[in-house]
Amino acid sequence: MLSRPKPGESEVDLLQFQSQFLAAGATPAVQLVKKGSRRDGNANPDQPLQQDHRDVVMLDNLSDLPPALVPAPPKRARPSPGHPLAEHEDPEERLNRHDQHITAVLTKIIERDTSSAAVNLPVPSGVAFPPVFHRSQERQRKPATCGKRSIFAQEIAARKVSEARVPPVREVVSTLDPPERTVTCESFFPREPDYQVPWGSQSFQGPHLVTGKGLRGQEAEKEAQTIHEENIARLQAMTPEEILQEQQRLLAHLDPSLVAFLRSRSRTHEQTEEKATEEQRPRGPSPEVTGEEPLMTPSVSESRQDDELEPGAPALALPVTPHKEWLHMDTIELEKLYWTQDLPPLQRQQMQERMQARFSLQGELLAPDVDLPTHLGLHHHGEEAERAGYSLQELFHLTRSQVSQQRALALHVLAQVIGRAQAGEFRGQLVGSVLHLLLDAGFLFLLRFSLDDRVDGVIAAAVQALRALLVAPGDEELLDSTFSWYHGALVFPLMPSQEDKEDEDEDEEHPTEKTKRKSPEEGNRPPSDLAQYDVIKGLLATNLLPRLRYILEVTCPGPSVVLDILAMLIRLARHSLESATRVLECPRLIETIVREFLPTSWSPIGVGPTSSLHKVPCAAAMKLLRVLASAGRNIAARLLSNFDLRSRLCRFIAEAPRELALPPEEAETLNTEAFRLWAVAASYGQGGDLYRELYPVLIRALQAVPKELSTHLPQPLTMQRIASLLTVLTQLTLTASDTASKPSGDSAGATPSLITWTQVSGLQPLVEPCLRQTLKLLPRPEMWSALGPVPTACLLFLDAYYQAWSQQPGLCPGDWLQDMERLSEELLLPLLSQPTLDSLWNSLGRCSPLCNPQSCAPSPEALSSLVSLGCTGGCPPLSLAGSASPFPVLTALLSFFNTLVRIHKGLCGQLATILAAPGLQNYFLQCVAPMAVPQLTPFSAWALRHEYHLQYLTLTLAQRMATLQLVPATNAALHHSMALALLSRLLPGSEHLAHELLLSCVFRLEFLPERASGGPEAADFSDRLSLGSSRDSGCERGALLAQACQDLPSIRSCYLTHCSLAQASLLASQALYRRELQRVPALLLPLPKGPLLPTDWPFLPLIHLYHQSSDPPTGFPAADTVGTAMRALQWVLVLESWRPQALWAVPPAARLARLMCVFLVDSELFRETPVQHLVAALLARLCQPEVLLDLNLDCPLPGLTSFPDLYANFLEHFEAVSFGDHLFGALVLLPLQRRFSVTLRLALFGEHVGALRALGLPLTQLPVSLECYTRPPEDNLDLLQLYFRALVTSALRPHWCPVLYAVAVAHVNSFIFSQDPKSSDQVKAARRTMLQKTWLLADEGLQQHLLYYKLPNSSLPEGFELYPQLPPLRQQYLQRLTSGMPQNGIRDLV
């Protein structure tokens, strides 16, 4: 809206307001009209006034000026000399033809006479207030004929009519026949263009438009009749063609709105007459409206045919007959009754391949040709009315309805659609993703706005839809069922890994600092932008948490809404540490949840649905607190101290589930979640004071476990509760161990544990029988799978128990050593001899996500902005998380064996048989074979982490066995290959495992059995067979490998330095895996963006040297540079020779680029003799025929922006510092092969032609065949011209650069004698010119080489053979092109 000028505005401001007003195109509030001139004759004061007492305005001499609100016409101008007026044209006719003013139709206006208007005074009444009339009285009356009026208005109108005693309009309308020779308004304004006047009938009614109303009685009738007779006389004097012509002229002159008004007056008059006629007829039974009869009278329907019904449209077939006495049916509108018709038949033959998806009210996808009855409510839509179901667009439209029930229904249906989409029910049936489509359409913020609705039903539906979108079904069940696994409480954050560009280089930053720094930046971004990358962040930016708190605290919703909100809060807490902190710090949110849904006293709740969950314990609320505590030790401490969780834990753990006044399943789940929350707190060394209070309860629960395990079929909830109980005892035992192993100085600032070893030492006799009983069920697969995580939890408890026992300083070591021997003889060795254990090892490959990458493929509905594990529908039995998975129990068993072997080395020989299991060997062979690692998805990261635990524990056990020479050589090589593969696959959070592998397994001499089994000699023999010649004894590959084996400690030190991980992440990982509870920061792992180490980690020292060469102040000294390069090259040579599968992920082109970095470090490093020998050996490995075929320099390389750029830098460095070094030259020549990009050859012969003089590598030392450079013939004209120029100008000579001289001669010879008819004119001209210049060369040797070249031959000094005389075809071709040219002394040759 435009603002008005204010006092104090300057002239500039007024001009600005004016420009804004003109640009807006608004209508001015005031119009200036120029008055007529006083000199006009009409303004003469001497003119006598009319004698008539009425004010009559004569328009005969009225000026042509328009009325007040019409802009004045421009002034008359003289005719242009170029366009003179026609002499024969009448000016009056021209004015009439162009005149569109109202005066062209009406020439005389008479003022209305109001002297005869009656004035009625109000009727006096004897009551103070008018009588009250009821609606029942109104229903008995006839409906009003003049539109929709209120009851009060109708009553007042009726009273006025009764007071004035004037009959209604209907009764006044004459029913007599109209007078003859009267014309109607329809004669002037027909409805159809081809309308003809009914001249044959000669029935003209009275005037309709001019009625004389407003004049005196007799004068009104007389004046109207006079006008009517004049009109009739004029019409009778005209022919039909003249009447139609005049009609068109009038329609062209008059305003369309005026024409529409006149037509409406005529229609109203016809309807009034027809109604009056019908009222006078005798009344009979009213006819019912059938499907063939219209709802209006024939005259009215004909008059509205163009406005309401399309031409040729059939009449409505209505199932009921509407009556005007019905409410709101006084005016029947046909277009609003279409929906009551029967649906058109479903045209199955018109079904297309791709149609709009429609869903039922339960979210089911309906087939396009399904025919469902209409009473199901699936046909209330406009588009494709015959098809059942609603599209997403129609559901979106329905969510914005003003009716709350419709909004709630639409949200409910959308929630069902989302749930089914995430369950995979639409896979293969829809094109695209439903969730992608909904989020792109703004569904997220539609749900957020719906949460602010005032209607409880809409809020409940919005919460249900939001829960369906955020919480993937199956994710929480998977994480809960694996909580008691080996490090099962540690999970990755469920947040997108594609961070913003400014956050990509902040991997090593602490999460808390990153949160504090990013908060101001993300606060400035709108929620819609945040939601594109991260749905959770976008929702949190819309103040979602305060709204959820308000719904829980104030509206007190039903149980389903409460559970949905708690599930959403759990999903928000799993997102990241930042989200968990925001949930914790939301005002009154956690207080409300603890107060309302974790009360210490409540009324008993029976089995069945309940009306409210408020003031009733809820397991989901306890789980929310557990997930929040997992995000960090500080959050766990705040929960325990600020919300009185100790008393609530005691309340829900002290009583057995069957004694809680809750439904059985809810009581079991609540007790389980209480144990898990306590276990999470104990993981940080917190909550130890509860152990003394609940010690009798725990002992009683442990004593009842064997009885519960002996049931016919264990219940899943019961098994989860028992496993959670054992997990709590495991963490409490580790708490006692952590206190005993740490001196007081190391624990400064940490919460001291209140648990001692004496308090937990009596738990082992109670847990060991549980393990024995579970292992008895191992031969029964159905019972074993029903146990769930109970055997795993028992093994992990014994592992922690013996670790804590061995760390007690005041106890005798013989006690725990003797007890370990007893347990090994009575339980472990019999277990290793069971055939059923072999079946577990054999099923590793079938359940491995690494061996089955398709099992970790993301679902079609996976969203990059909303992370989920994608475990909808549960995991298959033969999967890592399935019921038949061997990974949890075998991982726990290996961890237990590692602890026993570390404490009691005498058990190594007895437990070494576990490594000889055929199933384990086959599994390792599958893992080390070249394969595609599964795509890193949230589920694959979670599954691979658990699989890597089993592999690491196996390798650690193998390393301990290898130290005692208990592992065969074949298994040692396999274990070393497995360690190399695992090192390049470990994910963030496993920094300790990577460090331990580098420290103990990767560079262990016992894992290189080739050293003592003739490996170096075999390498020398292989080189002699492939190369056909012997080298110096100092540079043979066997000697280099033997020296590398001796230098393994130095090599390990080098890689520990250059493969170092982030210090903070390494310390956190060490605290987790070493079970140092006081140093554990959180159970939330870092975000898995990729493996910890790159796939080319063996080349990392060389890459670091290359990067440091560009920054000399921070570079290493010369001695460190040589040592680092030599150690890295030694290790790469060991891998290339004995572990080639470890480098299969590094393409040969990337290895070549890494070797080139050695020469780019400085000008002296490549001259070192050890470096020369190692690089020569590695280059020979790259030039093997099977490797050379895979050498592709045109594809993108990891860690390299462009190989041509690197090669240009390499050429520049070679030209500057090489001094003809043959090894340097060999690396320069290798990328110049014919099959590689011509850009590399153009760089040498075009920009660095001076380097040709230093490429003196002999043909005999060329690492590849000369045919790789000469075949196929060169087809790049620019390069051929550069070859010829280098040869002619003597920049390329045979004794300077024999290899490239032979290559250039071969390609130029092939070009000049080529006679391809498909060549372009430019190529033909260049070929002819080059041959003629060769004929005229003064250098006879070069001329002979270019003309008589035959084929390459590395054994000859020149590198090629020559024809003794030219072949006949070449001879004729040469004579034809050189005829008439001087021969320059070569007559004898030709």
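Note that this is a predicted model, so its numbers are computed, not measured. Along the sequence shown, residues are numbered consecutively beginning with 1.
Under the 4.5 Å side-chain criterion, counting only non-hydrogen atoms from C-beta, Leu540 is in contact with Ile536. Looking at Met495 and Glu578, their side chains never come closer than 4.5 Å, going by heavy atoms from C-beta outward. Looking at heavy atoms from C-beta onward, Leu414 lies in side-chain contact with Phe443 at the 4.5 angstrom threshold. Taking 4.5 Å as the limit, every side-chain heavy atom of Val561 sits out of range of all side-chain heavy atoms of Asp456. Looking only at side-chain heavy atoms (C-beta outward), Met568 and Leu539 stay at 4.5 Å or farther from each other. Residues Ile593 and Leu589 have side chains in contact (heavy-atom distance under 4.5 Å, counting atoms from C-beta outward). Annotation: side chain of Leu544 is in contact with side chain of Leu451 (closest heavy-atom distance under 4.5 Å). Residues Leu466 and Leu444 form a side-chain contact, since some pair of their non-hydrogen atoms from C-beta on lies under 4.5 Å apart.
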Leu863 vs Val535, side chain to side chain contact (heavy atoms under 4.5 Å, CB included): CA-CA, chis, key distance, verdict: CA-CA 10 Å; Leu863 298 173; Val535 171; 5.7 Å; no
Criterion side chain to side chain contact (heavy atoms under 4.5 Å, CB included) on Val583 and Ile590, from CA distance to verdict: CA-CA 8 Å; Val583 172; Ile590 302 301; 4.3 Å; yes
Side chain to side chain contact (heavy atoms under 4.5 Å, CB included) between Leu438 and Leu446, worked out: CA-CA 10 Å; Leu438 290 175; Leu446 174 65; over 6 Å; no
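Ala441 and Phe396 make their closest contact through O-CE2, 3.8 Å (heavy atoms, listed as atom of the first residue, atom of the second, distance). Nearest heavy-atom pair across Gln464 and Asp564 is CA-OD2, 3.7 Å. What you find for Ser865 and Ala531 is that their closest heavy atoms are CB-O, 3.9 Å. Here the shortest heavy-atom pairing between Pro496 and Ser864 reads CB-O, 3.3 Å. Nearest heavy-atom pair, Leu411 versus Val458, reported as atom, atom and distance to 0.1 Å: CD1-O, 3.9 Å. The two residues Leu470 and Leu866 have their closest heavy-atom pair at CD2-CD1, 4.0 Å.
Here His412 contributes atom NE2 and Gln405 contributes atom CD; the two are 14.5 Å apart, rounded to the nearest 0.5 Å. The distance from the CG atom of Leu548 to the CD1 atom of Ile565 is 5.5 Å, given to the nearest 0.5 Å. The NZ atom of Lys537 sits 8.5 Å away from the CZ atom of Arg525 when rounded to the nearest 0.5 Å. Atom-to-atom distance recorded for Asp534:CG and Asp529:CG is 13.0 Å, nearest 0.5 angstrom. Expressed to the nearest 0.5 Å, how far CZ of Arg407 lies from CD1 of Ile459 amounts to 10.0 Å. Between Leu494 atom CG and Ser576 atom OG the span is 10.0 Å, to the nearest 0.5 Å.
Heavy atoms of other residues, nucleotides or ligands lying less than 6.0 angstrom from CD of Gln393 number 12 at most. Within 6.0 Å of NE2 in His436 there are more than 12 heavy atoms belonging to other residues, nucleotides or ligands. Shown here is Glu246, whose CD atom has more than 12 heavy atoms of other residues, nucleotides or ligands within 6.0 Å.
Residues meeting the side-chain contact (heavy atoms from CB on, under 4.5 Å) test with Glu553, sequence neighbours left out: Arg549, Arg588, Thr592, Arg595. Applying the side-chain contact (heavy atoms from CB on, under 4.5 Å) criterion to Val554, with sequence neighbours excluded, gives Tyr550.
A donor-acceptor pair under 3.5 Å links the side-chain atoms of Glu861 to the main chain of Val434, judged by distance alone. Looking at Arg547, its side chain never comes within 3.5 Å of a backbone N or O of Arg448 through a donor-acceptor pair.
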